Amino acid sequence: MEFYNFADASYLLAYYTDKLIGKTISHKSESVITHLEIDDWANGNYRLLAKCNLKTERDVCEIAKYHDIIHPAHALKERVL
């Protein structure tokens, strides 16, 4: 599980929405991602969660790895400020 400040979490939410909505949470799962959300973990640390049709949730970093999509740390480095 990775944590971000709010600005980075907001950027990643926009970045991953088009790439992950409608995909399964892993290659072996039937749970399909319906939306992404920012979760306020604690003290200004936010995580990005994928919410699914089967009432499950997963960390976006894990899902990106399953689908060979760029890792959030790399997406943040490529961001144009």
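The shown structure was predicted, so the numbers you read here are calculated from the model rather than taken from an experiment.
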Pairs where [range] contributes a residue and the test salt bridge (Lys or Arg N to Asp or Glu O under 4.0 Å) is met, not counting sequence neighbours:
range          : value
residues 18-29 : none
residues 2-12  : D8-R79
residues 58-71 : none

Across all chains, not counting sequence neighbours, the ring-ring contact (aromatic ring centres under 6.0 Å, His included) partners of Y46 are F6
Taking the side chain as every heavy atom from C-beta outward, state whether S10 and Y4 have any atom pair closer than 4.5 Å. no
Distance col, row L20:CG vs L13:CG, nearest 0.5 angstrom, shows 10.5 Å
In this structure, OG of S29 is separated from CD1 of I63 (nearest 0.5 Å) by 9.0 Å
Ring pair (Phe, Tyr, Trp, His ring centres under 6.0 Å) pairs touching residues 53-74, sequence neighbours excluded, are H27-H67
Name the atoms and distances for all side-chain donor-acceptor pairs under 3.5 Å in residues 30-41, with sequence neighbours left out.
from	atom 1	to	atom 2	distance (Å)
S31	OG	T56	OG1	2.8
T34	OG1	K51	O	3.2
D39	OD2	R47	NE	2.5
D39	OD2	R47	NH2	2.9

side-chain contact (heavy atoms from CB on, under 4.5 Å) filter on A75, not counting sequence neighbours, yields L12, Y15, Y16, I70
